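Quick caveat: nothing in here was measured; it's all calculated off a predicted structure. All residue numbers in this chain count up from 1 along the given sequence. First listed ligand is number 1; within each ligand, the first listed atom is number 1.
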Amino acid sequence: MLELERINEYISQVERSEKETFEPCSGKLKVGLDLGTAYIVLVVLDAENHPVACEKQAASVLRDGVVVDYVGACRIVRELKEKLEERLGRQLEECAIAMPAGTDSSLKTHIYVAESAGMQVIHVLDEPTAANTIYCVSEGVVVDIGGGTTGLAILKDGKVVQIEDEPTGGTHVTLVLAGSYQIPIAEAEAIKLDSSRHTEIFPVVKAVIEKMATIVKKYVSKDSVSAIYLCGGTCCLAGIESIFEKETGIPTYKPANPFLVTPTGIAMNCIQK
Ligand SMILES: Nc1ncnc2c1ncn2[C@@H]1O[C@H](COP(=O)(O)OP(=O)(O)OP(=O)(O)O)[C@@H](O)[C@H]1O
Ligand SMILES: [Mg+2]
């Protein structure tokens, strides 16, 4: 089971650190860089994992976990880092990054992006494993649905035994909405982000979410795992967990705000291993 109260409290503090800068305890700062298809996020925690500051920027410089606009990616990371350094009054020198499963060949590019902004990458992990640093589940499957991909990590006895990543995410939800309503993509994205319209759009986007659940069903069944734990921006969609439960037959859980889970989990792993 997810310790929802603890997770919700912790993530809401990370959310607050977008606007407010919290005093860190002594020691090194931990930085997580999430280079995503839809958002680039930098999360700063103190040495005891208390949220300190966070900056994010919507961006389309990656596709399916691979950097397609290197110069743009470097510029955004540099700008976000400068904003944080200004807020903190100190330099950020090291970070951790996460890769979707199956994109190892792009690792160097991700590292170069961080380095171009003046940060040394001291740890690299996969995205759903990063999320599980917060969830702390030892059995089940953690599913990270971002803008471009659905990634999953299967856990047994506290260890990640399999990771997978497939190209269906929030972008596809937006495209279906735009097509169905015959409206521009930007307008469809705005409707999707408005939680007061989630009930209305639910029937339209249901098939895309079912596709995401089918991806998970390819790798797990109700006999092989006891629960699905959702994270990633797309899981903000109201009712997504009920579709997963119906499609897979597996109990599905998500925190109040699944959006900042992975970038924060990346920051927690900013330690030399
Ligand atoms: N409140 C919301 N309701 C619905 N969708 C949302 C909400 N907030 C964000 N999203 C969607 O979540 C996606 C971004 O999520 P996230 O930041 O986890 O992705 P990413 O890490 O950039 O992408 P990826 O992991 O696929 O590379 C976008 O498609 C965005 O539209
Ligand atoms: Mg992501």
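With salt bridges taken as basic N to acidic carboxylate O contacts below 4.0 Å, none links Lys81 and Glu55. Ion pairing between Glu166 and Lys218 holds under the 4.0 Å rule for side-chain N and carboxylate O. Look at Lys28 and Glu94 and you find a salt bridge, because one of the NZ, NE, NH1 or NH2 atoms lies within 4.0 Å of a carboxylate O, short of that distance.
Using a non-hydrogen distance threshold of 4.0 Å, Leu193 registers as a contact of ligand 1. Residue-ligand proximity: His198 is placed with a non-hydrogen atom under 4.0 Å from ligand 1.
Every atom of ligand 1 with a heavy atom of Leu237 under 4.0 Å away is listed here by number and element: 4 (C). Of all atoms in ligand 1, numbered sequentially from 1 with element shown, those under 4.0 Å from a heavy atom of Tyr39 are 14 (C), 17 (O), 22 (O). Annotation for ligand 1: atoms under 4.0 Å from non-hydrogen atoms of Gly232 are 18 (O).
The aromatic ring centres of Tyr112 and Tyr70 sit 6.0 Å or more apart.
Residue-to-ligand polar distances keep Asp144 apart from ligand 1: every N/O pair is separated by 3.5 Å or more. By the 3.5 Å distance cut-off applied to N or O atoms, Thr234 is counted among the residues near ligand 1.
At the top of the distance list for atom 27 (O) of ligand 1, counting protein heavy atoms only, stands Thr37 OG1, 2.6 Å. Considering only non-hydrogen protein atoms, atom 26 (O) of ligand 1 sits nearest to Gly148 N, 2.8 Å.
The closest side-chain donor-acceptor pair between Thr168 and Lys211 falls under 3.5 angstrom. A side-chain donor from one of Glu189 and Thr174 sits under 3.5 Å from a side-chain acceptor of the other. Counted by atom type alone, Thr133 and Asn269 present one or more donor-acceptor pairs between their side chains at under 3.5 Å.
Of the options Ala38, Gly233, Ala131, Pro100, the smallest heavy-atom separation from atom 6 (C) of ligand 1 is shown by Gly233. The option from Ala58, Gly36, Gly147 that lies nearest to atom 19 (O) of ligand 1, judged by heavy atoms, is Gly147. Nearest-heavy-atom check against atom 4 (C) of ligand 1 across Glu189, Met99, Lys192, Lys56 picks out Lys192.
Between Phe259 and Tyr39, the ring planes lie perpendicular to each other; the angle is over 60°, past the 30° to 60° tilted range.
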